[in-house]
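Heads up, the thing below is written out as structure tokens.
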Amino acid sequence: MSQDKISKIHVISTSTIKIPPQPESTARINLTPWDLELLFLEYSQKGLLFLKPSPHQQTQILTKTSTTSLIHHLKASFEQTLQFFPPLAGRLATTRSDDGTATCFFVDCNHIEGGALFIHATVEDENITVADVINSSTNIVRSFFPLTGVRNYDGVSQPLMAVQVTELVDGLFIGFSINHLLVDGTSFWHLFNSWAEISRGEIPIGSPISKIPFLNRDLITLDLIGSNTIYISHEHLNFDKNPLPQLPSQQQLRDRVFHFTKENIAKLKARANQEMAAESKGKVISSLQAIMAHIWRSIIRCRSPTNSGAHETTTFEISIGARQRLKPPLPEEYFGNAVFPGFITLEIGKLLENNLGWTAWQINRVVASSDGPDKVREFYMDWIKKPTFLQSNGFPSNYFVLINSPRFNVYGNDFGWGKPVAARTGGANSHDGRITVSSWLKEGSVEIEACLFAETLSALEEDDEFMEFVSS
């Protein structure tokens, strides 16, 4: 199949999955600064690719669950899963302040127009296979995700969640699109893991899942006035100043997956720590920090000279988890966003003239400076005083954003006939410099999905220093 070929899909059916009315305790979910800073981003999109079950496996699944087809089984198990995650079946709602100058956003779990979408689709080209998806470095999977182009604030009129099951000739792809106001990476994969758990028959109907989502927001008000119900002044909600991003054309952006084995990661980590042994004074650069430094330096090195002036700066934005930084810590099952951004900005000249360990150490210092509940409280206080919103457009050149985490259980999502063979990110919030990291199939290994301009990605693939640590 041509690398430039983009898959088209045929939608067979679309269903709205509703859940019973929620009690007062979970009928309304207030949103926090962690959630609200994402208001202008698009929905979060991630999905998994599976081989089709064998006839024997499918018969076992259908017999065990009394369903008539694999799609029927997935739809029924998805509906069962949704019972435990009521915000995803709600709608975004708003109230105005008494003087009409500010708006409060919250999730109405009992909204009359609520419900999550379940879409069944097939690819129009019957020759597209699982291997095509795995080996493609183009945007072949982008049509496998619903609600592309929908922003989080559109949740007042759009479903907060949609799942699309797309059948290939020899496999299927399960793509999630979820309003980012409701989930961070931890919560996203909590939901995916729970659906897989139910689908493979481990949770009888009427029984609870192994990890019940924690919906209570009272623990994270931090005793700050106004942090329970946040009203945002309309001067900060000027939607005209936040237009829908004009995404680069498919010819400009490409996605490519790189794999790092456990052994190569250990080599990168050892090199980074050895190079900074004198300055680090016993503090350890982590495996992820070493991988990030390697990717960052490699991409900048591969940029054309006109885009990499020595005195220009480059920034790597990371998400810093807040669950364990609070005292007492939030439950791991807390459902919602519990991260805040960290920024590492360096001069390109210094990034290139220094070694791997130096770059990894700069990342390490930003993460270390964010430890403790005071940083979480500081972010809250500053945001309530002056709301700011993350954007997916208008990034300066050489700006990178790290998405996901190798800690998430991505490749353990067995729906009853085997684990996924690939994980992919959708087209929402695409930009040059989006770096998605996940654990890979092999224990201790890591998968990096890089979204970059085609010219940069081609140069990266030919860069011996970078590819030395990449698994073939």
Side-chain angles (χ1 to χ4, degrees), residues 31-39 41 44 46 152 180-190 214 217 219-222 224 227 269 272 280 283-293 295-296 314-346 359-392 395 399-410 425 429 431 433-439 446 448:
L31 299 176
T32 73
W34 294 326
D35 307 315
L36 293 168
E37 68 166 345
L38 307 172
L39 196 63
L41 295 183
S44 180
K46 297 180 181 67
N152 293 323
H180 212 334
L181 299 178
L182 275 66
V183 296
D184 58 9
T186 298
S187 294
F188 188 105
W189 290 109
H190 180 186
F214 187 86
R217 301 298 177 97
L219 292 181
I220 55 171
T221 60
L222 304 180
L224 297 176
S227 63
K269 180 180 178 181
S280 64
K283 295 182 175 65
V284 178
I285 293 170
S286 72
S287 296
L288 181 57
Q289 290 162 3
I291 295 170
M292 286 173 59
I295 293 169
W296 193 4
T314 174
T315 296
F316 216 127
E317 178 185 325
I318 61 176
S319 294
I320 298 174
R323 284 174 176 80
Q324 297 304 312
R325 285 177 166 83
L326 285 172
K327 291 185 179 180
L330 279 177
E332 186 67 18
E333 296 80 13
Y334 169 79
F335 195 75
N337 290 283
V339 296
F340 55 95
F343 305 93
I344 307 98
T345 299
L346 305 172
T359 304
W361 183 246
Q362 310 314 307
I363 300 170
N364 178 283
R365 292 300 83 205
V366 169
V367 174
S369 69
S370 301
D371 278 344
D374 290 342
K375 280 292 180 180
V376 180
R377 185 182 178 90
E378 178 184 323
F379 174 83
Y380 249 79
M381 292 176 66
D382 291 346
W383 200 96
I384 292 172
K385 291 175 184 176
K386 187 178 180 180
T388 56
F389 302 96
L390 299 180
Q391 303 288 344
S392 60
F395 287 129
Y399 192 102
F400 304 91
V401 179
L402 187 71
I403 298 172
N404 224 44
S405 168
R407 293 192 180 96
F408 300 151
N409 179 13
V410 174
T425 306
N429 301 309
H431 61 87
R434 184 183 71 178
I435 308 296
T436 305
V437 58
S438 305
S439 57
V446 165
I448 297 292

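Quick caveat: nothing in here was measured; it's all calculated off a predicted structure.
- Shown here are the side-chain contact (heavy atoms from CB on, under 4.5 Å) partners of T345, two or more places apart in sequence or in another chain: T313, T315.
- Side chains of L181 and L39 form a contact here, defined as non-hydrogen atoms less than 4.5 Å apart.
- Although no hydrogens or angles enter the test, the distance criterion places a donor-acceptor pair under 3.5 Å between the side chain of N364 and the main chain of V284.
- Remark: V401 engages E317, F395, Y399, I403, H431 in a side-chain contact (heavy atoms from CB on, under 4.5 Å) (not counting sequence neighbours).
- For S319, the side-chain contact (heavy atoms from CB on, under 4.5 Å) partners at least two apart in sequence or on another chain are V339.
- Applying the salt bridge (Lys or Arg N to Asp or Glu O under 4.0 Å) test to pairs two or more places apart or on separate chains, those with a residue in residues 319-343 are D184-R323, R325-D371.
- At least one donor-acceptor pair under 3.5 Å links the side chain of D35 to the backbone N or O of T32.
- Inter-residue side-chain proximity for W361 and I285 is flagged as met; some heavy-atom pair is nearer than 4.5 Å.
- Under the side-chain contact (heavy atoms from CB on, under 4.5 Å) criterion, S369 pairs with no residue at all, not counting sequence neighbours.
- Contact of the N337 side chain with the H180 side chain is registered, since non-hydrogen atoms from C-beta on lie closer than 4.5 Å.
- Here the closest heavy-atom approach between residue A293 and residue I363 is recorded as N-CD1, 4.0 Å.
- Side-chain contact, T359 with W296: no donor N or O sits under 3.5 Å from an acceptor N or O.
- Qualifying ring pair (Phe, Tyr, Trp, His ring centres under 6.0 Å) partners for F335, counting only residues two or more places apart in sequence or in other chains: F85.
- In this structure, I320 and G342 approach most closely via the heavy-atom pair CD1-CA, 3.9 Å.
- Under the side-chain contact (heavy atoms from CB on, under 4.5 Å) test applied with V437, the options I291, I295, V446 reduce to a single match, V446.
- Looking at S287, its side chain never comes within 3.5 Å of a backbone N or O of K269 through a donor-acceptor pair.
- Residue L330 comes nearest to Q324 through the heavy atom pair O-NE2, 3.8 Å, listed as atom of the first residue, atom of the second, then distance.
- The closest donor-acceptor contact from the side chain of W34 to the backbone of F340 lies at 3.5 Å or more, if one exists at all.
- Distance check: L326 CG to Y334 OH gives 9.5 Å after rounding to the nearest 0.5 Å.
- At least one side-chain heavy atom of K46 sits less than 4.5 Å from a side-chain heavy atom of W189.
- Residue R365 places its CZ atom among more than 12 non-hydrogen atoms of other residues, nucleotides or ligands, all under 6.0 Å distant.
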